[in-house]
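Presented below is the structure to which this report refers.
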Protein chains: 2
Amino acid sequence: MVKKSISSEKRILEGAKKIFHEKGLEGSRMQEIADEAGINKALLHYYFRNKENLFNAVFREALQEIFTKLFQIAGTDIAFEQKIRLIFHDYIGFLQQNSYIPGFILSEMRQDPDKLARIMKSANISPSALYAKMKESVSNESIGEMDYRNFIINLLSLCIFPFAARPLLQIIFDFTDEGYDDFLEKRKNELPEFFMNAIR
Amino acid sequence: MVKKSISSEKRILEGAKKIFHEKGLEGSRMQEIADEAGINKALLHYYFRNKENLFNAVFREALQEIFTKLFQIAGTDIAFEQKIRLIFHDYIGFLQQNSYIPGFILSEMRQDPDKLARIMKSANISPSALYAKMKESVSNESIGEMDYRNFIINLLSLCIFPFAARPLLQIIFDFTDEGYDDFLEKRKNELPEFFMNAIR
DNA sequence: GTCTATATGGCGATAGAC
DNA sequence: GTCTATCGCCATATAGAC
């Protein structure tokens with residue numbers, strides 16, 4: 001019974017991920033998630049009691065993934081310029097593998113800032129720890145008189161925005177889906193030079 | 001009667017703007033919009049027939065604003081570096097005055113890329129014209145071997161992302177609302193140097 | 001744990017008086 | 001053009017059999 005139980009819960013979470021990522025909290029239907037998971041609608045409530053709990057589990061996981069990856073790369077013990085290269089390569093690589101995450105988080109965080117802060121806490125994401133680690137990995141380097149927060153925000157902007165704004169950018173530049181994937185792949189190699197030039 | 005009619009339609013659009021910007025298509029209620037506009041729910045349908053029509057009017061306007069401003073600045077006939085400074089100053093200034101737009105567009109565009117393309121057409125936003133104008137305003141300058149699409153995307157990333165990701169960034173860096181406003185104001189002045197360094 | 005059946009409420013939309 | 005009243009549907013959530 002335990003095995004069966006775990007399996008159902010897992011399938012529900014997988015289904016919920018797919019549907020919520022695509023349509024958001026308000027746009028998703030419990031029936032749709034049940035269908036996706038191949039189980040009955042009532043079982044969703046058995047495991048998660050209500051829609052919001054289920055959504056929060058999915059949202060929390062997305063936040064964990066996007067920050068864990070950033071922590072991991074930012075914590076690597078290598079020279080500054082190498083770390084910049086690593087971030088652009090590995091973090092964008094991560095986003096290529098999880099391309100739904102930026103849009104999902106940016107969309108779903110909007111409704112309630114307090115809830116966002118609460119979920120980040122429950123996900124054991126410590127803003128101050130992230131803050132410290134990023135500052136530390138930057139502070140001893142020559143980023144001139146630049147505010148280190150701008151440093152980080154610029155880095156994140158250049159990585160994340162092309163994923164969040166993808167539908168619009170594809171229309172503007174007339175990219176096919178494949179064409180945009182190729183473009184992003186090449187972009188990974190152009191960004192380190194752009195960024196290293198910028199901060200010297 | 002004509003005066004009254006125009007007034008009602010306008011108030012509906014204003015109310016719809018406020019509610020849709022805040023809660024999106026799925027999260028907004030027609031009743032809420034009617035309350036906001038100070039009129040009856042049935043009148044919404046009298047003027048716009050259904051929810052989607054009303055939403056599309058609001059969405060179209062947001063797209064028009066964000067692109068019109070970009071066209072306008074990109075079309076100014078001044079030297080390259082001055083134009084870069086102008087874009088960062090004026091475009092971010094525009095976003096400061098319309099801070100809901102980035103999040104609203106990035107969130108609501110996700111559901112249906114075809115609909116997005118259709119609305120951009122109906123808003124007389126010509127991707128190819130934008131494409132051409134931006135390329136033209138860049139192509140004769142020394143942006144090295146950089147792909148001009150990356151040039152534009154980097155510019156937009158640095159301007160727009162801090163607005164779209166604001167709730168998260170405020171938590172990470174422990175900004176108050178006012179503190180973040182001040183930060184953005186200073187950021188406007190740091191970005192031109194960052195960007196000009198980057199592309200040389 | 002998993003299902004079918006159903007309660008309950010809310011929302012978009014319309015009818016129809018004024 | 002503007003309102004009140006209401007329809008009809010659909011989504012979340014629960015009851016209860018197995």
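Protein chains get the first letters and strands the later ones, always in sequence-line order, with residue 1 at the start of each. Keep in mind that what you see is a predicted model, and the values were worked out from it rather than measured. When reading the values below, keep in mind they use all heavy atoms of this one structure, side chains included, and skip hydrogens, waters and symmetry mates.
- Aromatic ring orientation, A/Y180 versus A/F183: tilted (interplanar angle from 30° to 60°).
- Map B/I39 and A/S28 each onto its nearest nucleotide of DNA chain D; the residue landing nearer the 5' end is B/I39.
- In this structure, A/M30 places its CE atom 10 Å from P of D/dT14, rounding to the nearest Å.
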Between A/F104 and A/Y100, is a ring pair (Phe, Tyr, Trp, His ring centres under 6.0 Å) present by the stated rule, with each step listed?
CA-CA 6 Å; A/F104 175 64; A/Y100 61 85; 7.1 Å; no
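- Atom OH in B/Y46 sits roughly 17 Å away from atom C1' in D/dT4 (whole-Å rounding).
- In this structure, of C/dG12, C/dA15, D/dA13, it is C/dA15 that holds the atom nearest to the side chain of B/A42.
- Regarding B/E32, its CD atom lies at a distance of 16 Å from the P atom of C/dA13, rounded to whole Å.
- Across the protein-nucleic acid pair, B/D35 atom CG and D/dT2 atom C1' stand 15 Å apart, rounded to whole Å.
- Side-chain nitrogen and oxygen atoms of A/Y47 include at least one within less than 4.0 Å of the OP1 or OP2 phosphate oxygen of C/dT2.
- For the 3.5 Å distance criterion, the side chains of B/E185 and B/Q96 qualify, holding a donor opposite an acceptor.
- OP1 or OP2 of D/dT12 lies within a sub-4.0 Å distance of a side-chain N or O belonging to A/R29.
- Of the listed nucleotides (D/dC3, D/dA13, C/dC3), D/dC3 has the atom at the smallest distance from the side chain of B/N40.
- Atom CD of B/E52 is separated from atom C1' of C/dC11 by 16 Å (rounded to the nearest Å).
- Side chains of B/Q170 and B/D177: a donor-acceptor N/O pair is present below 3.5 angstrom, by distance only.
- Counting to the nearest Å, the C1' atom of C/dG12 and the CD atom of B/E26 are 13 Å from each other.
- Relative to the side chain of A/S8, the nucleotides C/dT2, D/dC3, D/dG1 differ in distance, and C/dT2 lies closest.
- Checking C/dT2, D/dT12, C/dG12 against every side-chain atom of A/K51, the shortest atom distance belongs to D/dT12.
- Look at CD on A/Q31: it is 13 Å from P on C/dA5, rounded to the nearest Å.
- The separation between A/I33 atom CD1 and D/dA13 atom P is 11 Å, rounded to whole Å.
- Distances shown here put every side-chain N or O of A/H45 at or beyond 4.0 Å from the OP1 or OP2 atom of D/dT14.
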Can you list the steps and then say if B/E36 with B/R11 is a salt bridge (Lys or Arg N to Asp or Glu O under 4.0 Å)?
CA-CA 9 Å; B/E36 183 69 33; B/R11 284 165 64 190; over 6 Å; no
